[in-house]
Amino acid sequence: MNKIAQSVRLWFAPQRIREEGDTPDYRFSLANERTFLAWIRTALALIGGGFAVDQFLPELVWGVRAGLALGLLAAGVLCALRAVNHWVRCERAMRRGEDLPVSRFPTLLSLVVAVVAVAMVVVVLFGWEGV
């Protein structure tokens with residue numbers, strides 16, 4: 001079974017993680033859970049921002065509005081999926097006594113949010129009319 005399928009299975013059966021390695025200090029598991037919840041809050045904020053752009057900027061040209069909204073919505077979806085994946089990977093690494101996993105996802109998410117923010121700055125500075 002490949003690693004991705006195994007990891008996704010653990011999303012829906014986290015009790016199977018206990019079959020690996022030793023139980024880490026509960027403080028580390030709880031910190032991992034708090035990090036997961038922070039990622040979920042970020043995902044919800046991105047999704048809310050995507051809906052806000054779509055609903056509250058009707059004067060904006062449809063393609064631009066849809067592009068900004070879809071960028072935020074996609075970032076929110078990816079953030080939510082990444083949250084659970086990262087939680088599982090960290091929990092497994094702690095149980096195995098391995099280094100915690102690293103990821104480029106925070107950089108990717110930051111770039112998407114920055115691009116949308118720059119586009120919004122342009123809209124605010126120059127108005128909706130030619131956009």
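Any value given below was found using the heavy atoms of this structure, including those in side chains, with hydrogens, waters and symmetry copies removed.
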Give me the atom names and distance for the closest heavy-atom approach of S29 to E91.
OG-OE2, 2.7 Å

So which pairs with a foot in residues 96-122 pass side chain to side chain donor-acceptor pair (under 3.5 Å), sequence neighbours left out?
E20-R96, R82-S103

For the residue pair L60 and L68, what are the closest heavy atoms and their distance?
CD2-CD1, 4.1 Å

Hydrophobic cluster membership, M94 vs L37, 4.5 Å side-chain cutoff:
no

Verify same cluster id: L70, F51 (apolar side-chain graph, 4.5 Å):
yes

Interatomic distance, R18 atom CZ to R95 atom CZ [nearest 0.5 angstrom]
7.5 Å

Side-chain heavy atoms nearer than 4.5 Å, only ILVMFWY residues, links allowed to pass through others: does that put V113 and W39 together?
yes

Same cluster for V8 and V77 if Ile/Leu/Val/Met/Phe/Trp/Tyr side chains link at under 4.5 Å?
yes

Pairwise distance CH2(W62) to CG(D54) - rounded to 0.5 angstrom:
9.0 Å

Can you find a heavy atom in the side chain of W87 that is under 4.5 Å from one in the side chain of I17?
yes

Taking every non-hydrogen atom, the tightest pair across L100 and C90:
CD2-O, 3.9 Å

Where is the tightest heavy-atom contact between L10 and R92, given as atom of each residue plus distance?
CD1-CD, 3.4 Å

Looking at every non-hydrogen atom in both residues, tell me the closest pair between A43 and A80 and how far apart they are.
CB-N, 3.7 Å

Could you check if a side-chain atom of V112 sits within less than 4.5 angstrom of a side-chain atom of L78, using non-hydrogen atoms only?
no

Single-linkage hydrophobic cluster I47~V84, side-chain heavy atoms < 4.5 angstrom:
no

With V116 as reference, evaluate L46, V53, V121, L72 under the side-chain contact (heavy atoms from CB on, under 4.5 Å) test and give the passing residue.
L72

